[in-house]
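Heads up, the thing below is written out as structure tokens.
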Amino acid sequence: MLIRLDKYISDMVGISRQDTKKLLSKSVVTVDNKIVKKGDIKVNEENVVVVNGKKLEYKQFVYIMLNKPKGVVSATDDKNDVTVVDLVKDNYPKRNLFPAGRLDKTSTGFVLLTDDGEFAHDILAPKKHVLKEYIVTIDKEINNQIIENFNSGVTLADGTVLKSATLIPTEDKFVVKVILKQGVYHQIKRMFGVFDIGVNELHRTKIGCISLDETLQGGEYRELFLEEVEKIYNDMNG
Ligand code: URA
């Protein structure tokens, strides 16, 4: 895909077209080792563009793993609350990022932010079978019947019949693992609600085959490695 050099630099460096023009005029931009001072030439991923000695790696899309803290909403912008996009946007001023899937304001853990609409759509589409894994702290013990019920598909209070989900006990009787293949609003809280069990904490640890990086504290994030993006793609299309 050919793109104007000034747009390419402005997108990649995250500066305005005006500032890009100034940079170009200072002779600090080279394309394939030649100084370029005009922004109207067209480049693509194969051209080596260097600005102030630093090679730009053009990425069509970005994929960010965020450890969402409590109190932050899974939206792009919000009048009252800090959003997941607010947490990262200073480093991605030119990207139209949005969360691929939501966590409740009180939930924590893995939120994937991207500007790749097709990827986000697929990751949420039940027929793509991208599993989401959660560690859930509950206020009552579970039993085998509840595990079986999760497995055969819980019917919510409003009559919605859910797909099969996996409920796995842990050593702590008030902490369980839940694996979902769909994303209905407040799904886990409503599923436990059917059995009169309250949810105290909900933390998403995994999307598809990618686990939340344990070194990320609440509010911290990193871009997915290329292999991780490819793995999720393979999950969806394999
Ligand atoms: N289910 C819920 O109830 N809340 C979440 O945040 C995610 C899944």
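Bear in mind that the values here come from a model prediction, so they are computed numbers and not experimental data. We count ligands from 1, going down the list as the structure has it; atoms in each ligand are counted the same way.
Counting only N and O atoms by type, the side chains of N200 and D139 include no donor and acceptor under 3.5 Å apart. Under 3.5 Å, the side chains of D115 and Y92 contain no donor-acceptor pair of N or O atoms.
Looking only at distances, no side-chain donor or acceptor of T76 sits under 3.5 Å from a matching main-chain atom of F98.
Listed by chain and number, L103, D104, S107, Y134, H186, Q187, I188, K189, L202 each place a non-hydrogen atom less than 4.0 angstrom from ligand 1.
Residues passing the salt bridge (Lys or Arg N to Asp or Glu O under 4.0 Å) test with K59 are E223, sequence neighbours excluded. Among residues two or more places apart in sequence or in another chain, the side-chain hydrogen bond (donor to acceptor under 3.5 Å, both in side chains) test is passed with T106 by K189. F192 meets the ring-ring contact (aromatic ring centres under 6.0 Å, His included) test with F150; sequence neighbours excluded.
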